[in-house]
Amino acid sequence: MTHLGISPNVRASGIHGVGAYRPRRIVPNSDIIDRIHSSDDWIRTRSGITTRRFAEPDETVQMMSVSAARDAIAAAGLEASDIDCVIVATVSHLMQTPAVATTIADELGCSPAAAFDISAACAGFCYALSLASDMVRVGTSEHTLVIGVERLSDITNPDDRSTAFIFADGAGAVVVGPSDTPRIGPVVWGSDGDKAGYITQTRSWDDVFADDELRWPTLHMEGNPVFRWASFEMAKTAREALDRAGVDPTELDVFVPHQANMRITDAMARTLKLPENVAIARDIAEQGNTSAASIPLALERMIADGEAKSGQSALFIAFGAGLVYAAQVVIIP
Ligand SMILES: CC(C)(COP(=O)(O)OP(=O)(O)OC[C@H]1O[C@@H](n2cnc3c(N)ncnc32)[C@H](O)[C@@H]1OP(=O)(O)O)[C@@H](O)C(=O)NCCC(=O)NCCS
């Protein structure tokens, strides 16, 4: 009987390289507060954010992605031609078709790599990482490039008190490839569309064009219900990812949650009873909430600062508009 070219062997996968692009322009709270009648103290206390970065016109989704991806491919010790699949997670690329992954692959020199975008908001990176891992494990791909990228400043209303101080821009990338031992654990993921209204675009494109004023759609967020959902429900998802990977919280080295709000990070760490020695990502303080880019950006900073070391275990947990969520345990490359 034919096996249709499918190998009966499933191999292990791992992250081989990490890269990041942080936009040049650093925006302190003092530049945001007047338009939302807020204060530096309120933003720091409620979110942990002190600065964020907003992309300048040349720092496009494509440009930031290519820069982060080049670093990730170099860190993996590979050439662009070794990449046979490119997945881009984003909700802020303003060109609906074609997928930006195709032109990113072309500019990097990865063509004819398979290339596509996914829309899973702040969970987009962890969703894409899970797809990449499974593709590598069954042999669909040898090396997949996963990029999380956002220019949320394009779709955030600077006069909206609930979003203007949170969202920001940037790109992070990882290369996923085969590994001798398992280095990406099983994903725990899901969605709850009943709560889709908690974080949503204010209006659809057909509503925009039906309106003579052509009002640009921006992000709407009901911060308080999102905060409560993330703080309580997401700790359970994170715990399940640890259980499925067979890692006890006391054995964990690094915790890299989606950088949504410092208080959510602290609440999850408390609920998970993470020991003092677990290094916790706190990139949000300087980077803001960059949605799909936040985990690879935070990871890159921890590796660069020596807070996350090669061979250590790290727990990722991401959640956002949809609502969607995904968590997995990985080994630091
Ligand atoms: C947005 C967020 C920081 C707001 O904090 P909060 O503690 O929930 O704030 P609330 O909306 O309950 O408002 C509390 C008070 O602050 C005020 N407030 C709201 N926004 C404010 C702002 N930007 N500046 C100053 N005051 C503000 C409110 O008017 C309210 O005042 P009152 O007590 O006098 O009525 C918080 O809800 C949050 O981070 N949610 C999760 C967001 C998130 O993770 N999003 C991404 C998921 S991907």
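Counting convention: from 1, in listed order, for ligands and their atoms alike.
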S38 and ligand 1 - part of the residue with a heavy-atom distance under 4.0 Å:
both
Record the part of F319 in heavy-atom contact with ligand 1 below 4.0 Å; permitted values are side chain, backbone, both and neither.
backbone
Does the D40 side chain pair with the main chain of N29, one donor and one acceptor, at a distance under 3.5 Å?
no
Going by distance alone, is a donor N or O of one side chain under 3.5 Å from an acceptor N or O of the other, for [X] and [Y]?
X    : Y    : answer
E59  : Y21  : yes
S153 : T156 : no
S47  : N261 : no
H258 : S294 : yes
Q62  : T103 : yes
T51  : E286 : no

Students should be able to answer this: which protein heavy-atom is nearest to [atom], and at what distance?
atom                    : answer
atom 46 (C) of ligand 1 : N289 ND2, 3.4 Å
atom 20 (N) of ligand 1 : W42 CH2, 3.4 Å
atom 8 (O) of ligand 1  : N224 ND2, 2.8 Å
atom 40 (N) of ligand 1 : G223 O, 2.9 Å
atom 29 (O) of ligand 1 : R161 NH1, 3.5 Å

With atoms numbered from 1 as shown, which atoms in ligand 1 lie under 4.0 angstrom from a non-hydrogen atom of [X]?
X    : answer
H258 : 48 (S)
M221 : 42 (C), 43 (C), 45 (N), 46 (C)
I199 : 47 (C)
C122 : 48 (S)
R263 : 7 (O)
F165 : 1 (C), 3 (C), 23 (N)
R46  : 3 (C), 6 (P), 7 (O), 9 (O), 14 (C)
I264 : 41 (C), 44 (O)

Under the criterion salt bridge (charged side-chain N to carboxylate O under 4.0 Å, His left out), I'd like the reasoning laid out for E79 against R70: C-alpha separation, chi angles, the key distance, then a yes or no.
CA-CA 9 Å; E79 303 291 332; R70 284 202 175 116; over 6 Å; no
From atom 35 (O) of ligand 1, is the closest protein heavy-atom distance below 4.0 Å?
no
Non-hydrogen protein atom less than 4.0 angstrom from atom 18 (N) of ligand 1:
yes
Salt bridge (Lys or Arg N to Asp or Glu O under 4.0 Å), paired with D283, selected from R22, R53, R52:
R22
Give a yes or no on whether the ring-centroid distance for Y127 and W189 is below 6.0 angstrom.
yes
Any cation-pi pair here, R263 with F227, using under 6.0 Å and within 45°?
yes
With only distance considered, is S39 within less than 3.5 Å of ligand 1 through an N or O on each side?
no
Closest to atom 38 (C) of ligand 1 by heavy-atom distance, out of N261, I166, I33, N29, is N261
Can you tell me if N277 has over 12 outside heavy atoms packed within less than 6.0 Å of its CG?
yes
